[in-house]
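Everything below concerns the one structure shown next.
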Amino acid sequence: MNRIKLAVIADDFTGGADAASFLKRKHANVVLLTGIPLMLPDCDCVVFALKIRSVPVSDAIKKVHDVLLFLEQYQVEHLYYKYCSTFDSTPKGNIGSVMDFLLDYYDLTYITSLIDAQKSPLLIYSDAVLKDFKTEKKSPAFYTAAKKIESILSFIAVYAKDHNYHKIIVAGGETSGAVTTGLGYSSFYIGQEICPGVPVLIPEENRYLQLILKSGNFGSEDFFLKAMEM
């Protein structure tokens with residue numbers, strides 16, 4: 001039975017890349033997965049990047065459950081649930097529900113919560129943003145339009161891959177998830193960091209492609225210039 005020092009379940013793709021980059025910085029042999037493989041590549045740490053932040057809670061729990069079932073064939077020393085550090089993405093929220101499921105699954109009475117002190121002071125919201133999250137109810141048309149935009153951007157990324165572009169840069173967690181799913185790759189090696197938390201992802205199935213997934217609040221003003229020049 002293979003031993004895994006740390007298995008990470010992230011609730012979106014940029015969060016998964018963030019966690020993987022910090023493990024890589026500490027010289028871990030880490031791989032990022034966006035689905036359940038037949039078997040793990042050679043690694044001592046694995047990050048499962050799931051798109052469960054804004055899905056129905058039942059879907060989120062099922063995807064986490066699938067990961068846990070897969071990990072039963074390995075000797076996992078530590079499990080880390082990496083969720084959005086700023087807010088839940090649905091009115092009811094998935095963070096607490098998934099944590100409750102993890103407690104029940106492993107018959108635990110508590111979970112240790114870790115907060116990254118280096119990141120938390122860097123998030124600044126305007127009154128407008130706070131109003132949007134707290135008081136404004138988005139119409140179904142808003143979410144339909146968002147899904148259509150994600151679909152269009154995913155199509156563009158696939159077009160770029162099929163026409164031999166070697167680097168694809170994506171901004172935004174939900175968009176990153178849609179693009180990565182559209183590209184069809186499920187296993188990534190972790191390359192050089194462009195900024196803290198944003199590494200170059202190299203698909204195991206296509207070593208010539210560089211995929212860069214930028215979370216909305218990561219990176220300096222010249223991030224995209226740095227990403228294009230690497």
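Just so you know, residue 1 is the first one in the sequence shown, and it goes up from there. Scope of the values below: all heavy atoms of this structure, side chains included, with no hydrogens, waters or symmetry mates.
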Q. Looking only at heavy atoms, what is the nearest atom pair of M99 and Y83, with distance?
A. CE-CE2, 3.1 Å
Q. Are K51 and F13 in a cation-pi setup, meaning NZ or CZ lies under 6.0 angstrom from the ring centre and within 45 degrees of the ring axis?
A. no
Q | CA sep, side-chain torsions, deciding dist, call: N164, Y208, side chain to side chain contact (heavy atoms under 4.5 Å, CB included) | A | CA-CA 9 Å; N164 300 316; Y208 298 101; over 6 Å; no
Q | Short side-chain to backbone donor-acceptor contact, D44 and N29, under 3.5 Å | A | yes
(Q) Can you confirm whether V64 sits close enough to L50 that some side-chain heavy atom of one is under 4.5 Å from a side-chain heavy atom of the other? (A) yes
(Q) Would a single hydrophobic cluster contain both Y105 and I36, if residues Ile, Leu, Val, Met, Phe, Trp and Tyr are joined by side-chain heavy-atom contacts under 4.5 Å? (A) yes
**Q.** Approximate separation, where rounding is to 0.5 Å, of I9 CD1 and L33 CG
**A.** 11.5 Å
Q. Under 4.5 Å between any side-chain heavy atoms of I169 and F224, yes or no?
A. yes
Q. Side-chain heavy atoms under 4.5 angstrom apart, residues restricted to Ile, Leu, Val, Met, Phe, Trp, Tyr: same cluster for Y165 and V179?
A. no
Q | Derivation and outcome, side chain to side chain contact (heavy atoms under 4.5 Å, CB included), residues Y185 and L209 | A | CA-CA 11 Å; Y185 300 124; L209 180 68; 3.5 Å; yes
Q: Output yes when a side-chain donor or acceptor of K167 lies under 3.5 Å from a complementary backbone atom of A227, and no otherwise.
A: yes
Q) Could you state the interatomic distance from CG (N206) to CG (L211), rounded to the nearest 0.5 Å? A) 10.5 Å
(Q) Quick check for you: to the nearest 0.5 Å, what is the distance between L6 atom CG and E77 atom CD? (A) 9.5 Å
Q. Backbone N or O of F218 within a donor-acceptor pair of the K214 side chain at under 3.5 Å?
A. yes
Q. Looking only at heavy atoms, what is the nearest atom pair of V31 and C43, with distance?
A. CG1-SG, 3.7 Å
Q: Would you indicate whether the side-chain heavy atoms of L71 and I4 approach each other to under 4.5 Å?
A: no
Q. Are any of the side-chain heavy atoms of R25 and P196 separated by less than 4.5 Å?
A. yes
Q) Do you know the tightest heavy-atom contact between A178 and S154? A) O-OG, 3.3 Å
Q.
Among D12, D11, I61, exactly one meets side-chain contact (heavy atoms from CB on, under 4.5 Å) together with I52. Which residue is that?
A. D11
Q: Indicate the atoms forming the closest heavy-atom contact of A60 with N94, along with that distance.
A: CB-ND2, 4.0 Å
(Q) Please enumerate all residues that pass salt bridge (charged side-chain N to carboxylate O under 4.0 Å, His left out) together with K226, with sequence neighbours excluded. (A) D222
Q) If we only count heavy atoms from C-beta on, is the I202 to F188 side-chain gap below 4.5 Å? A) no
Q.
For the backbone of G172 and the side chain of S176, can you confirm whether one donor and one acceptor N or O come within less than 3.5 Å of each other?
A. yes
Q | Sidechain-backbone polar pair: E193 side chain, G197 backbone, donor-acceptor under 3.5 Å | A | yes
(Q) Does the plane of the ring in H163 sit parallel, tilted or perpendicular to the ring in Y159? Use 30° and 60° as the thresholds. (A) parallel
Q: Apply the test side chain to side chain contact (heavy atoms under 4.5 Å, CB included) to residues I190 and L32: give CA-CA distance (whole Å), side-chain angles for both, the deciding distance (0.1 Å), then the verdict.
A: CA-CA 7 Å; I190 311 303; L32 184 144; 4.0 Å; yes
**Q.** Nearest-0.5 Å distance that lies between atom NE2 in H65 and atom OG in S58
**A.** 14.0 Å
Q. CD of E150 to CD of E174: how many Å apart, nearest 0.5 Å?
A. 6.0 Å
Q: Test side chain to side chain contact (heavy atoms under 4.5 Å, CB included) on Y106 and L79 and set out the steps.
A: CA-CA 11 Å; Y106 289 109; L79 179 69; 3.7 Å; yes
Q: Looking only at non-hydrogen atoms, find the nearest pair between F48 and P37 and report the distance.
A: CE2-CD, 4.4 Å
Q. Is the shortest side-chain N to carboxylate O distance from K62 to D66 below 4.0 Å?
A. yes
**Q.** Side-chain heavy-atom pair L108, L102 within 4.5 angstrom cut-off
**A.** no
(Q) So which atom in L213 and which in V198 form the shortest heavy-atom distance, rounded to 0.1 Å? (A) O-CG1, 3.5 Å
Q) Any donor and acceptor pair, going by atom type alone, linking the side chain of Y74 with main-chain N or O of L40 inside 3.5 Å? A) yes
Q: May I ask you to check whether over 12 heavy atoms, not counting those of F155, lie within 6.0 Å of atom CZ?
A: no
(Q) Working to the nearest 0.5 angstrom, can you tell me the gap between S21 OG and Q192 CD? (A) 12.0 Å
